[in-house]
Amino acid sequence: MVGSEPADEIRERHREARERARSMGPFRAWIDGERVEASDGATAETRDPVVDEPIASVPACGPEDVDRAVEAAAAGFADEWSEVTPAERSRRLFEWTDVLADHVEELAFLECLDTGKPRADARGEIEGATDTLEYYASVCRSQSGDQIPAREDVHLFTRQEPFGVVGQITPWNFPAWAAAWKLGPALAAGNASVLKPSASSPLSTIRMAELTEGILPDGVVNVVPGAGRDVGQPLTEHPDVAKVSFTGSTAVGRGVMKAAAERVAPVTLELGGKSPFIVFPDADLETAVDAVAAGIFYSTGEICDAFSRALVHEDVLAEFTDRFVERAESYVLGDPLAEDTTMGPLTTRDQFGKVSDYVDAGRREGATLLTGGGPPDDPALADGWYFEPTVFGDVDNDMRIAREEIFGPVQTIIPFGSYEEAIEIANDTDYGLAAGIGTERTSLVHNAAADLEAGLVYVNEYGPILPEAPYGGYKDSGIGRDLGQEALDHYRQTKTVYVNLDDPSL
Ligand code: TXE
């Protein structure tokens with residue numbers, strides 16, 4: 001379904017919105033507590049995916065800027081942050097989240113304009129980012145080491161120490177949330193960060209960093225925007241970056257891991273997925289449709305844990321498919337700045353091309369296109385990277401549309417006949433980020449949760465993602481975990497101290 005606004009209304013609203021966004025700038029790199037240009041003055045435009053017009057120019061940084069930022073981070077860590085007590089770190093992180101909470105609307109506006117996601121979703125994302133930082137501000141003070149009672153004549157204990165400077169790379173689909181996932185545990189553990197946002201949607205991250213001014217010491221948070229090869233790669237290769245965390249594609253993640261291996265730096269990788277949702281025959285179909293639709297159409301399908309394979313038992317296949325297609329057709333495509341829009345455009349031209357190519361591949365491979373399949377037939381949306389919610393039936397798990405990450409609003413429906421077959425198809429993928437289960441039977445929930453090869457299992461729902469719980473994948477979907485205590489542990493190293501005790505006689 002498409003919104004009912006005329007093209008000129010949308011164009012005018014976006015002209016004003018881009019002007020408003022620019023008035024919040026200038027958007028620069030944030031290094032050592034200052035807004036700075038790229039050393040060579042290079043800039044790149046970030047674009048509004050609704051009308052394909054430039055929003056703002058942002059520095060296109062390079063290796064010298066990475067050096068500058070790493071130096072600032074090292075100084076910020078050594079001079080101040082490493083000396084700050086956990087209680088003080090917690091207080092400052094809370095102070096930052098208070099400021100962010102006062103800027104939710106502004107940040108959500110930038111996120112909506114830069115990524116094309118509906119305003120309400122962008123607001124939810126910023127609130128999620130703030131909540132994540134609050135969680136790490138809270139747990140910061142409750143960390144401890146161990147005392148190990150191995151022998152009476154040795155006082156044996158562990159200290160948890162930060163790495164120093166960490167390099168963090170985030171993607172374009174959830175820029176603010178990803179920045180909080182990275183910065184929260186890194187800062188709570190006492191590190192300083194150099195963070196590279198995606199060149200496609202850097203605005204909210206830059207603004208979040210600017211809002212640390214006067215709260216966090218200079219150099220503790222640095223944001224260096226630019227291209228992957230110019231900023232991301234030098235950051236992962238930098239000898240003074242002691243730990244790397246990356247969210248993005250599996251192909252680039254492999255390269256990040258290789259670069260870090262050269263100097264034996266630990267890495268956390270959160271990569272792509274091809275997550276299944278299994279609709280068992282006893283499932284409440286309305287609940288299953290809700291979960292699978294949210295899992296593939298939320299954020300226009302540009303989500304790493306998208307339920308992009310719906311595995312449906314043959315007894316309920318016809319009814320599920322009918323209801324799911326109806327649901328897909330009920331999404332309101334329109335201007336993400338309008339509150340009634342439930343699906344915005346894809347974020348970039350590249351992503352539009354990629355999704356279109358997969359839909360062509362699905363048709364060629366013999367899947368049946370049940371709805372969608374291209375841009376909506378509405379002249380008001382013709383300038384943007386809109387793509388209709390798309391559903392393929394008669395999908396075989398060997399088809400490319402069932403094996404490769406499309407990262408768009410494209411669902412594949414794959415039938416199964418038995419529990420064993422469902423699990424086999426679900427696990428027959430290189431990825432292992434998430435999996436979902438639709439059933440009312442407790443034994444199915446627990447058996448499937450144990451048998452599925454995935455880092456996350458959602459039962460009768462898509463999400464929620466909570467900062468308290470670890471998030472990450474099996475197999476090619478990554479290594480290590482974001483969120484929860486586990487992420488905090490990734491940003492610390494353990495030092496074991498043996499204090500040999502003399503005989504206490506005087
Ligand atoms: O990813 P990249 P792209 C998947 C999704 C999407 C595809 C391509 O399928 O269609 O990847 O998206 C930085 N060294 N995901 O091209 O290139 C880059 O600048 C260091 C899933 O955007 O992996 C950006 O900041 N960094 C994923 C980040 O890496 C490099 C989210 C991700 O970009 C680099 C995003 C290099 N050599 C894409 N090259 C998820 N897990 O949700 C690029 N980068």
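Note that these values count all heavy atoms, side chains included, but never hydrogens, waters or copies made by symmetry. Predicted, not measured: the structure shown is a model, and the values here were computed from it. Atoms within each ligand, like the ligands themselves, are counted from 1 in listed order.
To the nearest 0.5 Å, atoms OG (S201) and CD1 (I55) are separated by 9.0 Å. Rounding to the nearest 0.5 Å places CG of L235 at 10.0 Å from CG of N222.
Remark: ligand 1 and T236 share no N or O pair separated by less than 3.5 Å (distance only, no angle test). Looking at R229 next to ligand 1, no N or O pair under 3.5 Å apart turns up. The N/O atoms of T247, backbone and side chain alike, include none that comes under 3.5 Å of an N/O atom in ligand 1. Considering backbone and side-chain N/O atoms, L271 comes within less than 3.5 Å of an N/O atom of ligand 1.
Between the choices T347, I303, V252, V355, the shortest heavy-atom distance to atom 17 (O) of ligand 1 belongs to V252. Across A251, G408, G272, S249, heavy-atom proximity to atom 1 (O) of ligand 1 is greatest for S249.
Electrostatic pairing of E71 and R68 does not count as a salt bridge here, judged by no charged N lying under 4.0 Å from a carboxylate O.
Between F297 and F324, the gap from one ring centroid to the other is short of 6.0 Å. Aromatic rings of W181 and Y471 (six-membered ring for Trp) have centroids within the 6.0 Å cut-off, being under it.
Under the 4.0 angstrom criterion, atom 29 (O) of ligand 1 counts as having a protein heavy-atom contact. Within the 4.0 angstrom cut-off, atom 33 (O) of ligand 1 has no protein heavy-atom neighbours.
Those atoms of ligand 1 that come under 4.0 Å of a heavy atom in K354, given as number and element, are 5 (C), 6 (C), 7 (C), 9 (O), 10 (O). The ligand atoms of ligand 1 that sit less than 4.0 angstrom from a heavy atom of W172 are 3 (P), 12 (O), 22 (O). Heavy-atom proximity to C304, at under 4.0 Å, picks out these atoms of ligand 1: 40 (C), 41 (N), 42 (O). The N173 neighbourhood of ligand 1 comprises atoms 31 (C), 42 (O), with distances under 4.0 Å to a heavy atom of that residue. Remark: ligand 1 atoms within the under-4.0 Å shell around heavy atoms of T170 are 24 (C), 25 (O), 28 (C). Each of the following atoms of ligand 1 lies closer than 4.0 Å to a heavy atom of G232: 14 (N), 20 (C), 26 (N). Distances below 4.0 Å separate heavy atoms of E270 from the following atoms of ligand 1: 41 (N). Shown in contact with Q351 at under 4.0 Å from a heavy atom are these atoms of ligand 1, numbered in order with element: 6 (C), 10 (O).
Closest to atom 31 (C) of ligand 1, if we only count protein heavy atoms, is P171 CB, 3.4 Å. Atom 4 (C) of ligand 1 has its closest protein heavy atom at E405 OE1, 3.3 Å. Atom 14 (N) of ligand 1 has its closest protein heavy atom at Q233 N, 3.4 Å. Of all protein heavy atoms, the one lying nearest to atom 19 (O) of ligand 1 is K196 NZ, 2.8 Å. Of the protein's heavy atoms, G228 CA, 3.4 Å lies nearest to atom 44 (N) of ligand 1.
Residues E365 and V395 fail the side-chain proximity criterion, which asks for heavy atoms closer than 4.5 Å.
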For a salt bridge (charged side-chain N to carboxylate O under 4.0 Å, His left out) check, start with the C-alpha distance between D290 and R327, then their side-chain angles and the critical distance, and finish with the verdict. CA-CA 8 Å; D290 286 348; R327 178 65 62 84; 2.8 Å; yes
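Listed by first and then second residue, the salt bridge (Lys or Arg N to Asp or Glu O under 4.0 Å) pairs involving residues 113-131 are E105-R123, K117-E125, R123-E339 (not counting sequence neighbours).
Proximity of a side-chain donor or acceptor of T390 to a complementary backbone N or O of V410 within less than 3.5 Å is not detected.
The closest approach between F246 and ligand 1 falls below 4.0 Å for a heavy atom of the residue.
Cation-pi check for K475 over Y431 is not met; the charged atom does not lie both under 6.0 angstrom from the ring centroid and within 45 degrees of its normal.
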